[in-house]
**Student:** 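Below is a structure I'd like to ask you about.
Per chain, numbering begins at 1; letters A, B, ... match sequence-line order.
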2 protein chains.
Amino acid sequence: MLEAAEAIEILTSYLAKSGLKMTSQRRVVTEAFFDPEVTSDHPTAEELYLRVRERDSRIGYATVYRSLKILTEAGLASPGRFGDNQTRYEPESPGEHHDHFVCTECGKIVEFEDDAIEKLQIEVAAKLGFELTDHKMVLFGKPNGTCKAVCKT
Amino acid sequence: MLEAAEAIEILTSYLAKSGLKMTSQRRVVTEAFFDPEVTSDHPTAEELYLRVRERDSRIGYATVYRSLKILTEAGLASPGRFGDNQTRYEPESPGEHHDHFVCTECGKIVEFEDDAIEKLQIEVAAKLGFELTDHKMVLFGKPNGTCKAVCKT
DNA sequence: ATCCATGCAAAGGATTTGCAAAGAT
DNA sequence: ATCTTTGCAAATCCTTTGCATGGAT
């Protein structure tokens, strides 16, 4: 995953290119979002807001929403739904891609990559007459006997 | 896809089993939802509400929401998100499953099935130590030269 | 007769927006 | 100096809920 410092660099150049400005708030939101401890939880806007507040308690709710929107436009964040009816955000690294598995027992979200599936998705799109530009895939399941590491329950 | 009449039968037995009652409103909502013209659009609650109103203008918004929830519990409807930030509902037929492709040009939603992908999903889950219970997959793409039938643009 | 369902309006939760003040270039 | 951003509160959108009335078994 991207380091916070790299993310801020990318964000800064995106802002400049778009005629927008780098601010201390945007820096703090980005740092909080790319903090491994925060972001591994795929935070909701509210969860991120709480973490942001720990770093700068004067930052408002709306600023977090506005920053998440900009991070998304800059390709640094990606919103998703993982079955709990909440919009959760995760950091995007340019060039990387992964999908998600959700444990239905404990709610934990695990990331995975599967090139074979990606390839088949491209084929499916082609068969329908389209060029694949994006996809969302979320798997749900319950731990079986061999699950030791992932599920807490 | 299920005929409206079959859906109503299934719903009726689900309601009976659950100590709930079949009503004219639930019948109308189910008929509208399983009308091929309505449901091929993967309607939002509001879109369905408008179609329901054409059939019985006294039916309220809340009833449509409540009915959709019951249809979902009965396994006859399934909510999903297809990239436009709206919850859309589609009819479920017991035993069938399909995923979705969304044209990014015209927004049209196409259903597809791919057994090879489904198989790989089971394997991915197994590798993580889980038994797959469900999944959501939405592909996005733009029409290529060979797209004639699907995309209107 | 009993309990569930309905329609309405009000409440709720998540996200966005208007505005005046503060900040960045 | 100009134009963007911020924080707050109000507004908005979607969905759910409380309650009195009507309906189903």
**Student:** Less than 4.0 angstrom between a side-chain N/O of B:R26 and OP1 or OP2 of D:dA24, yes or no?
**Tutor:**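 No, because none of the side-chain N or O atoms of B:R26 sits under 4.0 Å from OP1 or OP2 of D:dA24.
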**Student:** Rounded to the Å, how far apart are A:Y49 OH and C:dT16 P?
**Tutor:**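 That distance rounds to 16 Å.
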**Student:** B:L20 CG to D:dG23 P: how many Å, rounded?
**Tutor:** 19 Å
**Student:** Would you mind classifying the nucleic acid contact of B:Q86 as base, sugar-phosphate or nothing, using non-hydrogen atoms under 4.0 angstrom?
**Tutor:** sugar-phosphate
**Student:** Give the rounded distance in Å between these two atoms: CD1 of B:I70 and C1' of D:dT15.
**Tutor:**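 Answer to the nearest Å: 15 Å.
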**Student:** Please say yes or no: joined through hydrophobic side-chain contacts below 4.5 Å, possibly via intermediate residues, are B:I122 and A:V102 part of one cluster?
**Tutor:**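 Different clusters.
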**Student:** Would you kindly compare B:G19 and B:R53 by the position of their nearest DNA chain C nucleotide and give the one closer to the 5′ end?
**Tutor:** B:G19
**Student:** Under a 3.5 Å distance rule, please check whether B:T44 uses its side chain to pair with a backbone N or O of B:T87 as donor and acceptor.
**Tutor:** no
**Student:** So what does A:T87 hit on the nucleic acid, given a heavy-atom distance under 4.0 Å: a base, only sugar-phosphate, or nothing?
**Tutor:** sugar-phosphate
**Student:** So which nucleotide from D:dC8, D:dA24, D:dG18 ends up closest to the side chain of A:R66?
**Tutor:**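 Comparing D:dC8, D:dA24, D:dG18 against the side chain of A:R66, the answer is D:dC8.
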**Student:** Measure CG/B:D56 against C1'/D:dG22 and give the value in whole Å, please.
**Tutor:** 14 Å
**Student:** Return the value, rounded to whole Å, for the distance between atom CD of B:E46 and atom P of D:dT12.
**Tutor:**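 One finds 16 Å between P of D:dT12 and CD of B:E46, rounded.
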**Student:** Give the minimum heavy-atom separation between B:R88 and B:H42, together with the two atoms involved.
**Tutor:** NH1-O, 2.8 Å
**Student:** In whole angstroms, how far is the C1' atom of D:dT12 from the OH atom of A:Y61?
**Tutor:**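 The distance from OH of A:Y61 to C1' of D:dT12 comes to 16 Å, rounded to the nearest Å.
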**Student:** Are the side chains of A:L139 and B:L128 in contact, using a 4.5 Å heavy-atom criterion?
**Tutor:** no
**Student:** Which one, D:dT5, C:dT6, D:dC8, comes nearest to the side chain of B:T23?
**Tutor:** C:dT6
**Student:** To the side chain of B:Y65, which of C:dT6, C:dA14, D:dT15 is closest?
**Tutor:** D:dT15
**Student:** Of the listed nucleotides (D:dT15, C:dA5, C:dT16), which one gets closest to any side-chain atom of A:K69?
**Tutor:**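 Nucleotide nearest to A:K69's side chain: C:dT16.
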**Student:** Tell me which of B:N85 and B:L15 sits closer to the 5' end of DNA chain C, going by the nucleotide each one is nearest to.
**Tutor:**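 Comparing both residues, the 5'-ward one is B:L15.
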**Student:** Ignoring hydrogens and angles, write down the donor-acceptor pairs under 3.5 Å from the side chains of residues 18-25 of chain A, residues two or more places apart or on other chains.
**Tutor:**
{"residue": "A:S18", "atom": "OG", "partner": "A:Y14", "partner atom": "O", "Å": "2.8"}
{"residue": "A:T23", "atom": "OG1", "partner": "A:R26", "partner atom": "N", "Å": "3.1"}

**Student:** Over how many whole Å does the gap from B:I59 atom CD1 to C:dC8 atom P extend?
**Tutor:**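 Nearest whole value for this atom pair: 11 Å.
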**Student:** Looking only at the side chain of B:K21 (C-beta and beyond, no hydrogens), which of the listed nucleotides C:dC8, C:dC4, C:dT6 gets closest?
**Tutor:** C:dC4
**Student:** CZ of A:R27 versus P of C:dG23: gap in Å, rounded?
**Tutor:** 15 Å
**Student:** Hey, which sits more toward the 5' end of DNA chain D by its nearest nucleotide, B:A45 or B:S24?
**Tutor:** B:A45
